[in-house]
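Okay, so here's the structure we're looking at.
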Amino acid sequence: MHADIEGAVRIARLAADFEWTWTVENIERFCRIAGWQQPVSDEFGFGAEILTDLRVSRPAAYAAYDSDFYQLTGLPEGEVPYIVVALSDAIPGDSPEIYEPLVDSFSEITDRLVPAFGQPFRLHGDRPRIVWDLPGLVTLVLELAFDRQKIGLKIANTWYHNDALRSEGAKDDYDYDYDYEDDDDEPELFPMADTWPSSMEPSECSAELAFGLARLPRDGVIQLSVDGEFVGLFAMGLFEVWCVISAGGGQRQGAQSPEELRLGLIDRGWSVPNPEAMSLWQRTIRWPAAYAEFRAFAEDFLSELVTLHPTAHPSDVGWYASIDPGTVGSVAWGTLRHSTGI
């Protein structure tokens with residue numbers, strides 16, 4: 001899988017500096033400045049396809065601007081809602097390992113764009129999407145589409161984008177598939193049962209957990225338990241992933257005193273979010289992050305779990321994943337959210 005990171009930064013900067021009027025002629029002018037071929041109306045009549053100069057296997061973009069589209073969106077005739085640009089190749093399959101370069105490229109593009117455009121905000125929804133509202137009636141939306149297994153940049157009419165967000169269910173209504181392929185179902189958060197098979201090695205368990213963390217949407221939650229007892233929680237904030245682990249309950253392995261346990265957790269980077277709940281410890285990593293950061297985060301959690309709880313193998317861990325924190329059943333989510341500041 002290849003992503004054209006330099007090309008993505010160049011096009012984003014060009015879009016930020018361009019004088020947008022969001023007419024068909026305006027889009028044609030942008031294509032000339034970008035060095036792209038002129039738009040060609042598609043066979044469905046919903047807009048125009050564009051051949052870009054990005055170094056990916058299918059260097060395609062799409063501009064939506066036909067009369068039927070105006071009726072659907074309520075835009076005035078001649079207005080263009082957005083252009084969506086493919087920034088990466090599509091990757092085949094759905095195993096955790098093949099997503100590593102996709103996650104890494106998304107993180108790297110974000111890191112390159114933040115110094116240029118400032119701190120973005122993050123949209124809700126199943127897909128990781130980062131947004132910059134810029135001067136000049138242009139909004140940039142960087143999207144990691146796990147279901148289509150690629151990275152895209154949406155250059156949007158700010159008026160249209162904000163109106164779409166206000167409209168219920170409009171977030172992905174007009175999401176163009178620039179590979180002309182039928183969409184496969186998006187891979188499950190954990191493509192397994194609700195426990196890891198005992199035959200899996202700890203490294204395989206941490207790989208699956210890292211895959212889930214990389215795909216966890218904003219406000220998503222992964223709750224983990226051993227024999228029905230809560231042992232940990234991962235929660236996605238705005239630009240951080242929070243991990244809360246329980247150091248209480250059960251018979252801990254080893255002969256550590258409470259003070260030795262406390263000092264050991266502090267030494268390994270954990271902190272107590274709430275002095276009144278000393279059994280709950282937390283760590284955070286940034287989001288978006290490289291895949292290796294998610295993998296290390298998962299490995300550290302599972303290693304800590306083995307130390308704190310009577311389990312010799314991560315396969316003893318059961319999990320529950322949700323994109324709605326309010327549905328987490330056995331965890332006092334409200335208390336944890338208040339205590340950790342998530």
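Predicted model only: the values in this text are computed from it and were never measured.
A salt bridge links Glu6 with Arg112: at least one charged nitrogen is closer than 4.0 Å to a carboxylate oxygen. A salt bridge does not link Arg58 with Asp89: none of the charged nitrogens is closer than 4.0 Å to a carboxylate oxygen. We find that Asp53 and Arg10 are joined by a salt bridge, their nearest charged nitrogen and carboxylate oxygen being less than 4.0 Å apart. A salt bridge links Asp111 and Arg286; the closest N-O separation between the charged side-chain nitrogens and carboxylate oxygens is under 4.0 Å.
With rounding to the nearest 0.5 angstrom, the CG atom of Leu54 is 11.5 Å from the CD1 atom of Ile5. Atoms SG and CZ, on Cys243 and Phe297 in that order, are 4.5 Å from each other to the nearest 0.5 Å. Between atom OG of residue Ser246 and atom CG of residue Leu233 there is a gap of 11.0 Å, rounded to the nearest 0.5 Å. The distance from atom CE of Met236 to atom CG of Leu216, rounded to the nearest 0.5 Å, is 4.5 Å. Once rounded to the nearest 0.5 Å, the distance linking CG of Leu123 with CD of Glu143 reads 9.0 Å. Taken from CG in Leu209 to CD1 in Ile222, the straight-line distance is 6.0 Å, to the nearest 0.5 Å.
Tyr62 contributes a side-chain N or O that, together with a main-chain N or O of Gly47, makes up a donor-acceptor pair within less than 3.5 Å. Side chain of Thr110 to backbone of Phe106: a donor-acceptor contact under 3.5 angstrom is found. Looking at Gln38, its side chain does come within 3.5 Å of a backbone N or O of Glu28 through a donor-acceptor pair. Between the side chain of Asn157 and the backbone N or O of Pro81 there is no donor-acceptor pair closer than 3.5 Å. A side-chain donor-acceptor contact under 3.5 Å links Asn26 to the backbone of Glu19. In this structure, the side chain of Glu240 does not engage the main chain of Gly237 through any donor-acceptor pair within 3.5 Å. Using modelled atom types, one side-chain atom of Trp22 and one backbone atom of Leu137 make a donor-acceptor pair closer than 3.5 Å. At distances below 3.5 Å, at least one donor-acceptor pair connects side-chain atoms of Trp132 with backbone N or O atoms of Gly118. The backbone N or O of Pro101 lies less than 3.5 Å from a partner atom in the side chain of Ser105, making a donor-acceptor pair. Using a distance-only test at 3.5 Å, with no hydrogens or angles considered, a donor-acceptor pair links the side chain of Ser88 to the main chain of Ile151.
For the residue pair Thr158 and Thr139, a side-chain donor N or O sits within less than 3.5 Å of a side-chain acceptor on the partner. Remark: the Glu304 side chain and the Trp270 side chain contain an N/O donor-acceptor pair separated by less than 3.5 Å. For the residue pair Ser206/Arg295, the side-chain donor-acceptor check at 3.5 Å is satisfied.
Residues Ile266 and Ser271 fail the side-chain proximity criterion, which asks for heavy atoms closer than 4.5 Å. Side-chain contact between Pro217 and Pro128: absent, with no pair of heavy atoms (C-beta onward) separated by less than 4.5 Å. Side-chain contact between Leu224 and Phe234: present, with at least one pair of heavy atoms (C-beta onward) separated by less than 4.5 Å. A 4.5 Å side-chain heavy-atom check between Phe18 and Ile33 finds at least one atom pair inside the cut-off.
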Using the side-chain contact (heavy atoms from CB on, under 4.5 Å) rule, take Ile245 and Val231 through it: C-alpha gap first, then chi angles, then the decisive distance, then the call.
CA-CA 6 Å; Ile245 192 168; Val231 295; 5.7 Å; no
For a side-chain contact (heavy atoms from CB on, under 4.5 Å) check, start with the C-alpha distance between Phe117 and Leu140, then their side-chain angles and the critical distance, and finish with the verdict.
CA-CA 10 Å; Phe117 305 131; Leu140 302 180; 3.7 Å; yes
Decide yes or no on side-chain contact (heavy atoms from CB on, under 4.5 Å) for Leu87 and Val85, but give the supporting numbers first.
CA-CA 6 Å; Leu87 302 182; Val85 186; 4.3 Å; yes
Evaluate Arg283 against Trp242 for side-chain contact (heavy atoms from CB on, under 4.5 Å), listing each step before the verdict.
CA-CA 6 Å; Arg283 285 179 62 183; Trp242 295 74; over 6 Å; no
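In the hydrophobic cluster analysis, where Ile, Leu, Val, Met, Phe, Trp and Tyr join through side-chain heavy atoms closer than 4.5 angstrom, Val84 is grouped apart from Leu51. There is no path of hydrophobic side-chain contacts, each under 4.5 Å, that joins Ile27 to Val40. In the hydrophobic clustering of ILVMFWY residues, with side-chain heavy atoms under 4.5 Å counting as a link, Leu263 and Leu308 come out apart.
When ring centroids are compared, Trp20 and Phe30 come within the 6.0 Å threshold. Checked against the 6.0 Å centroid criterion, the rings of Phe211 and Phe294 do not qualify as a close aromatic pair.
For Arg13, the CZ atom is loosely surrounded, since the number of other residues' heavy atoms within 6.0 Å does not exceed 12. The environment of Gln119 atom CD is dense: over 12 non-hydrogen atoms of other residues, nucleotides or ligands sit within 6.0 angstrom.
Closest approach of Pro120 to Val114, counting heavy atoms only: CD-CG2, 4.1 Å. The minimum heavy-atom distance linking Phe230 with Leu280 is given by the pair CE2-CD2, 4.0 Å. A pairwise comparison of heavy atoms in Ile11 and Ala34 identifies CD1-CB, 4.1 Å as the closest pair. Leu213 approaches Val241 most closely through the heavy-atom pair CD2-CG1, 4.3 Å. Of all the heavy atoms in Pro288 and Ser107, the pair that sits closest is O-OG, 3.6 Å. Of all heavy-atom pairs between Lys150 and Ala90, the closest is CE-CB, 4.0 Å.
Stacking of Arg218 on the aromatic ring of Trp287 is not recorded, the 6.0 Å distance cut-off and the 45° axial limit not both being met.
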